[in-house]
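Notes for the one structure printed next.
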Amino acid sequence: MRILIIEDEINIADALKRALAEQHYSVDVAGTGEAGMELAEVNDYDLLILDIMLPDINGWEVCKELRKNKFTTPILMLTALDTIENKIRGLDVGADDYLTKPFDLGELLARVRSLMRRQTDQKTTIIQVADLTMDTSERSVSRAGKDIKLSAKEFAMLEYFVMHKNKVLTREMISEHVWDMNFDPQSNVIDSFVRFLRQKIDKDFEKQLIHTMRGVGYKLME
Ligand code: CA
């Protein structure tokens with residue numbers, strides 16, 4: 001899952017990026033409202049973390065503008081402005097959730113998971129597909145009761161697959177949601193990672209979950 005952070009304080013942006021990357025998310029950072037809106041227009045994000053006090057356009061305006069342009073990605077507002085009026089204003093211009101600084105990293109990550117789930121039919125962090133179980137909070141995967149160890153990227157890819165189970169996912173969609181803006185579209189890295197993933201979650205099992213859709217992409221199916 002891919003996250004855009006619009007935050008001008010470099011220390012906070014860096015700490016956030018590190019914490020989110022540790023949780024296997026792909027993260028892009030913009031230091032101004034203008035740069036953030038540009039990225040939001042070009043890339044397909046699963047979540048936007050938006051600071052309010054930015055050097056150019058404030059977060060409320062960014063939010064309003066994005067929503068006007070049919071940007072449906074969940075927005076988590078992050079700010080030092082902790083008055084009720086500011087929270088109301090943020091939610092009313094289209095933010096989905098609100099967290100005041102200083103925030104607890106654990107709470108932020110739980111809100112990130114919750115906001116991303118709302119885009120799917122998942123209600124908890126435990127996702128089941130056939131006999132495969134994935135816990136996006138504990139970051140564990142098992143199949144038929146057997147623990148499976150995945151690398152960060154494999155986990156990120158599987159998370160995207162299970163969140164969109166039974167749907168055809170093109171290579172472009174996978175690269176947009178699992179990689180960040182440094183992805184090289186010429187590479188065959190997606191096919192390689194699907195191969196690694198299959199080795200771990202499908203190879204030793206009778207029923208295959210990851211299916212190749214010839215000329216299109218992949219689909220994870222029960
Ligand atoms: Ca700021």
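Given the structure is predicted, the values throughout are model-derived calculations rather than measurements. Computation of the quantities below employed the complete heavy-atom set of this structure, encompassing side-chain atoms and omitting hydrogens, waters and symmetry-equivalent molecules. Order of listing sets the numbers, starting from 1, for every ligand and every atom in it.
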Checklist entry - Which one of Leu20, Leu4, Val112, Asp96 satisfies the side chain to side chain contact (heavy atoms under 4.5 Å, CB included) criterion with Leu47? => result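 Between Leu47 and the candidates, side chain to side chain contact (heavy atoms under 4.5 Å, CB included) is satisfied uniquely by Val112.
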Item to check | Residue pair Val216, Thr170: steps toward the side-chain contact (heavy atoms from CB on, under 4.5 Å) verdict | outcome: CA-CA 6 Å; Val216 190; Thr170 64; 4.1 Å; yes
Item to check | Joint cluster assignment, Leu169 & Val162, ILVMFWY side-chain distance < 4.5 Å | outcome: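 Yes.
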Checklist entry - Do Glu107 and Arg111 sit within salt-bridge range, that is, some charged N less than 4.0 Å from a carboxylate O? => result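 So Glu107 pairs with Arg111 through a salt bridge.
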Checklist entry - Taking the hydrophobic residues Ile, Leu, Val, Met, Phe, Trp and Tyr, and joining any pair whose side-chain heavy atoms are under 4.5 Å apart, which ones share a cluster with Ile126? => result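 In the cluster with Ile126 there is nothing else; it is isolated.
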Checklist entry - the Ca ion (ligand 1): which protein N, O or S atoms are under 3.0 Å away? => result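 Less than 3.0 Å away from the Ca ion (ligand 1) sit Asp8 OD1, Asp51 OD2, Met53 O.
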Next on the checklist: Strictly distance-based, threshold 3.5 Å: is any side-chain N or O of Asn43 a donor or acceptor partner for the main-chain N or O of Tyr45?
Outcome noted: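 Answer holds: no.
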